[in-house]
Amino acid sequence: MINLTVNIGNLKLKNPVMTASGTFGYGEEYAEFIDLNRLGAIVVKGISIEPMEGNPPPRTWETPCGMLNAIGLQNIGLKRFLKEKLPFLRKFDTKVIVNILGNTFEEYAKLACSLDEEGVDAIELNVSCPNVKRGGIIFGTDKKMLAKLVAGVKKCIKSATLITKLSPNASDIKEFAIVAESSGSDAISLINTIRGMSIDIETRKPRLVNVIGGLSGPAIRPIAVRMVWEAYEAVNIPIIGIGGIIKSEDAIEFMLAGASAVQVGTGNFLNPRATIEIVDGIEAYLKRKSVSNVGEIVGAFIGS
Amino acid sequence: MINLTVNIGNLKLKNPVMTASGTFGYGEEYAEFIDLNRLGAIVVKGISIEPMEGNPPPRTWETPCGMLNAIGLQNIGLKRFLKEKLPFLRKFDTKVIVNILGNTFEEYAKLACSLDEEGVDAIELNVSCPNVKRGGIIFGTDKKMLAKLVAGVKKCIKSATLITKLSPNASDIKEFAIVAESSGSDAISLINTIRGMSIDIETRKPRLVNVIGGLSGPAIRPIAVRMVWEAYEAVNIPIIGIGGIIKSEDAIEFMLAGASAVQVGTGNFLNPRATIEIVDGIEAYLKRKSVSNVGEIVGAFIGS
Amino acid sequence: MSKLFRAEVVSNLTLNDKNNLLTLKPLEKVLKPEPGQFYMIEVSHTYDPLLKRPFSYLRRRVAELQFLYAVRGRGTSLMKKFKEGMVINMIGPLGRGYPRPRKDCMPLLVAGGTGIAPIFSLAEELPRKAYILHGAKCRDELILMDELMGLGMESFLCTDDGSFGVKGTVADALYDFLMHKASPSNHYVIFACGPRQMLEAVARVASEKGIRGYASLEENMACGFGACLGCAVKTIHGYKRVCKEGPVFPIEDIVW
Amino acid sequence: MSKLFRAEVVSNLTLNDKNNLLTLKPLEKVLKPEPGQFYMIEVSHTYDPLLKRPFSYLRRRVAELQFLYAVRGRGTSLMKKFKEGMVINMIGPLGRGYPRPRKDCMPLLVAGGTGIAPIFSLAEELPRKAYILHGAKCRDELILMDELMGLGMESFLCTDDGSFGVKGTVADALYDFLMHKASPSNHYVIFACGPRQMLEAVARVASEKGIRGYASLEENMACGFGACLGCAVKTIHGYKRVCKEGPVFPIEDIVW
Ligand SMILES: Cc1cc2nc3c(=O)[nH]c(=O)nc-3n(C[C@H](O)[C@H](O)[C@H](O)COP(=O)(O)OP(=O)(O)OC[C@H]3O[C@@H](n4cnc5c(N)ncnc54)[C@H](O)[C@@H]3O)c2cc1C
Ligand SMILES: Cc1cc2nc3c(=O)[nH]c(=O)nc-3n(C[C@H](O)[C@H](O)[C@H](O)COP(=O)(O)OP(=O)(O)OC[C@H]3O[C@@H](n4cnc5c(N)ncnc54)[C@H](O)[C@@H]3O)c2cc1C
Ligand SMILES: Cc1cc2nc3c(=O)[nH]c(=O)nc-3n(C[C@H](O)[C@H](O)[C@H](O)COP(=O)(O)O)c2cc1C
Ligand SMILES: Cc1cc2nc3c(=O)[nH]c(=O)nc-3n(C[C@H](O)[C@H](O)[C@H](O)COP(=O)(O)O)c2cc1C
Ligand code: FES
Ligand code: FES
């Protein structure tokens, strides 16, 4: 009998596989493909206080082994989320993690405390979204602001676990990981998308109206694995690995590098059953290697 | 008759296509595949004062649409380069650009001035190599040190063009581009490889003995194009675009984003004739679009 | 019965310079598609190209699905190489197709180029006579004419180069039809698919003539099933997902 | 005559659970390879997998090149799908093969598993009798035995599971040969290819017995023609490129 449970702060997951924010909607779209009860956790699309309509199309473009997106954080806003989406998610035996985004400290704080009161299991601070001019991104690349934000949000949370999602666009991921930890974050998740762009040479126009979008998919995996390892060497709080995870081998690679859990993003688009297949794949790997506890492989790679 | 010539500082190239340092050796290996006279310029493997033996194998690993390398700057050193390699390169009607790497300001200065005296056409400062513990990399991610380095090297150069190769591992490429420009660099080239890693889940060992290597290839192109555009918006000196250029469409994309010239790296491995095919492809594109001067497409993309 | 299934390539034929006919045999039990719905088709087993490609179905037979596709870029170039017996993954049926024409209305099917695909799937399900206006670049690209006739459709054909039928766009043909051939007793409803600018022209004619209708739109898609919000199009009700609320929208709702 | 050329797949056969035989017909004029040289073979027309894969040639015929390959990972899995008529890009012949055995010496060909490929190409060029020691996992994977006999080779075969020939590694077999079957009048020289640990064992036996020899090594390759410095192996003369100074090195020069 293999133990797949993992702890992220005071949050106990039945297995280390979560969905990455913005790639899983609010769960509904996947209910017809997989049994949501089998997921370690569902991380929902980033929520802001007021609804956001997002960017004009085109919003996505395919790149070599990756994709660019500039959704522009389209979301239905806090009120409607609590009313229309949260009840659906509550029906399943899985943890609900809400990714939040604000333009000011106050907005982040307000979002965090209302969601905490509503009893969501964890809050993931999106301080790293590359698709909005103001807001998000600056928190993710300015240490002082990040420290202030994390500490402030932590104060107004009673029971929910606080996860800070780090930006890969920062020069030294270690420093930001340390700031998140010392400011009271219970865990960190990384990486968000990397800022990229593409131009249509026939029209000379950008492939995304927003010009710059976020790069995701297998293309960024080697960068993400490296950042997870660097963060693992720098902090003691749990790390959630994200970036180009399509198959269980990829998830295991992140865990060996130091991730206690993983999030699957773009992989859901290629295969809506990816998350479940990854859970099964991790279990099969542990069996094959006769490892009884998934925690044993976290950071277990033989560095040199 | 289409004009493909471009100027990089006082350096006049017959066309905008160069080879990227470390992917073209010292030219010899490609002489049997292409006519080196057709290249805009040849950028040779990074040279240090003393020979370097490089890292133990394995030194490369394939990743989705990319590759990791940790060659460790193996090179024959300044003396042997001048004696054994430069004479060969001089035989061709193309510009010779020498990529240099040092561990101290003094080393960079010594390299630059001897190469300048030997009459090489341009010197490319590699301040961004991710594969050596000390040296290179710090210059590339510390603005003050970069300013001091560029200014110092510039002082001891008489005729050679000075190109600073920027690190994509810096959080804000704009700032470093501006530092290079204001410190006297005649041009900047970007991007170098992005730090990445991969783990063999069967052995739990890193795919590269060095653990971390540099990611190159099509996978990083969207990131590189974005950085070139950001640099183009920030500085007035010519920009040399690098990163995942395999076909002429890719080179044109970089030029539309603001690159006056391009360098082909990993693309040479997939197709040793890539550079020449790109020169022909750019010319065909300009014909098709009835553009008479390649300079007209530089930064000509219709942003929004 | 899952929307995610494997299918075997039965045949992959070149119809003309532009159009190809792909016939797939699902290897699992699948859902019955509605005219105008689409499928996400895997074009490569590797990560390059990474994403599946969306295609409306042309025809469904007891155990087969047929698609009409044009080679546009890398993905469709790989589709052209699909060989008999090859097995691919696909997702569908997806999205909302065309509504069933009400008894009291006369359907006007309007197709541009490869846009004939979902229009044909609709024509096959129509219980009675309807008009079809089909435009293409040249004669060669006007396909399925006999089949449509066999379905009892009355066709009005046009080509950009005049090599067959009327010279001009299908929007012109629509205008001409409504001006001279339409009978006032008929309550016409448009069902359209084709390039965006053609649909925009059709929408203009429709509003001018006060006729309602439906159009199938295209947008880049990452997932195809509503999760990524990547396929948004602007409507008078705000951004809608082509893959979920669409691909078929009331033509008067679309903000061009 | 360029080393970069296109070739058409003539056939792609499965020999046993491990080995496959790929026959390619160059579509351009190509250079004549030397035994032990290799080719970089494109496994995908897309960017995933990105790099070509290195393979020693097994046989060359007037207008054909044959390769013996084992499926190891993603690239070779794609090779297994190569269909007759498919056209791929390749580069070669590359690197330095085995030196021609001098008249006064008796070649001892030592092959482990798929390492038989370059050894066979050498055997085909040998003007006279030689000994060949071939080891594999099991009987099924001992291939080309008749062909080697036909070339006048005297074979000593061994399998890890003892299902054929002597049970044990080819290094053991080599040791046994030198102890009991070798004639003092002969000046033996080893020509080896196989897994690294096998070659290391062979090198140990060779030095113990004071016999010189040559081994073909493997390393990950990005370019295959000397440009990337990615394929370095440690020798007593410092790092050498497997693709340029190698793949064949004097066995006593290699630092294991
Ligand atoms: C609902 C729907 C139904 C469709 N039905 C058909 C059909 O029946 N027959 C047919 O020939 N084509 C159809 N298309 C268009 C078809 O999906 C594109 O031609 C195809 O995706 C192009 O892929 P590519 O790799 O060849 O082009 P590339 O330009 O190389 O593709 C690059 C990226 O852009 C996307 N893309 C490019 N053009 C389009 C487009 N017009 N629509 C959506 N995504 C695009 C691709 O999916 C890919 O992600 C349909 C599109 C949609 C949205
Ligand atoms: C000079 C030379 C000659 C060779 N001759 C033969 C031969 O005749 N028959 C045969 O079956 N194999 C031969 N090999 C080994 C063959 O190249 C590898 O098995 C193959 O590259 C594996 O590719 P993959 O994508 O299936 O494996 P993956 O593990 O998926 O490949 C990942 C990356 O690692 C590289 N790689 C993995 N294993 C090796 C290896 N052993 N050597 C070199 N690169 C490797 C791949 O090229 C690729 O870049 C030779 C290798 C070299 C260097
Ligand atoms: C279409 C799309 C939308 C996304 N939206 C969000 C979001 O709202 N909030 C967030 O923190 N990350 C968002 N992300 C980033 C992902 O959660 C994830 O960090 C990133 O895609 C890398 O993982 P992947 O390579 O597995 O996709 C989004 C990614 C994609 C592709
Ligand atoms: C094998 C290898 C060796 C390299 N060596 C150097 C080097 O010595 N100096 C340097 O500045 N860049 C070096 N680079 C980086 C390339 O010059 C280039 O900046 C990078 O590979 C991105 O371009 P590409 O995607 O076209 O390969 C090397 C890259 C590779 C793949
Ligand atoms: S394509 Fe993902 S939401 Fe429509
Ligand atoms: S593979 Fe590039 S130098 Fe050997």
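Chain identifiers are assigned alphabetically (A, B, ...) following the order of the sequence lines, protein sequences preceding nucleic acid strands; residue numbering begins at 1 within each chain.
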Residue selection (most heavy-atom pairs with chain A, distance under 4.5 Å) from C/Pro49, C/Gly238, C/Gly75, C/Cys231 | C/Pro49
Mind running side-chain contact (heavy atoms from CB on, under 4.5 Å) on A/Leu89 and A/Val44 for me, showing each step along the way?
-> CA-CA 10 Å; A/Leu89 290 166; A/Val44 300; 3.5 Å; yes
Where is the tightest heavy-atom contact between A/Ile220 and A/Gly243, given as atom of each residue plus distance?
-> CD1-CA, 4.1 Å
Step through the atoms of chain A and chain C and list each donor-acceptor pair whose separation is under 3.5 Å.
| unit_1 | atom_1 | unit_2 | atom_2 | d |
| --- | --- | --- | --- | --- |
| A/Glu29 | OE2 | C/Arg241 | NH1 | 3.0 |
| A/Glu32 | OE1 | C/Lys3 | NZ | 3.3 |
| A/Arg59 | NH1 | C/Leu229 | O | 2.8 |
| A/Thr60 | O | C/Asn220 | ND2 | 3.1 |
| A/Glu62 | OE1 | C/Arg53 | NH1 | 3.3 |
| A/Glu62 | OE1 | C/Arg53 | NH2 | 2.7 |
| A/Glu62 | OE2 | C/Leu50 | N | 3.0 |
| A/Glu62 | OE2 | C/Leu51 | N | 2.7 |
| A/Glu62 | OE2 | C/Arg53 | NH1 | 2.9 |
| A/Lys247 | NZ | C/Tyr47 | OH | 3.3 |
| A/Leu270 | O | C/Lys52 | NZ | 2.4 |

Determine the minimum heavy-atom distance between A/Ile282 and A/Ala251, stating which atoms define it.
-> CD1-CB, 4.1 Å
Minimum heavy-atom distance A/Val228-A/Phe254, with the two atoms named | CG2-CD2, 3.8 Å
Write down the atom of C/Gly95, the atom of C/Pro247, and the distance for their closest heavy-atom approach.
-> CA-CD, 4.0 Å
A/Pro58, A/Pro272, A/Gly22: which one forms the most heavy-atom pairs within less than 4.5 Å of chain C?
-> A/Pro272
Nearest heavy-atom approach of C/Gly36 to C/Pro118 is CA-CB, 4.1 Å
Answer with side chain, backbone, both or neither: which region of A/Pro218 has an atom nearer than 4.5 Å to a non-hydrogen atom of chain C?
-> side chain
Greatest number of non-hydrogen atom pairs under 4.5 angstrom with chain C, of A/Pro64, A/Gly25, A/Pro56, falls to A/Pro56
Please name the pair of heavy atoms, one in A/Ile242 and one in A/Ala224, separated by the smallest distance, quoted to 0.1 Å.
-> O-CB, 3.3 Å
Would you say the side-chain atoms of A/Asp121 pair up with the backbone N or O of A/Ile97, donor to acceptor, closer than 3.5 Å?
-> no
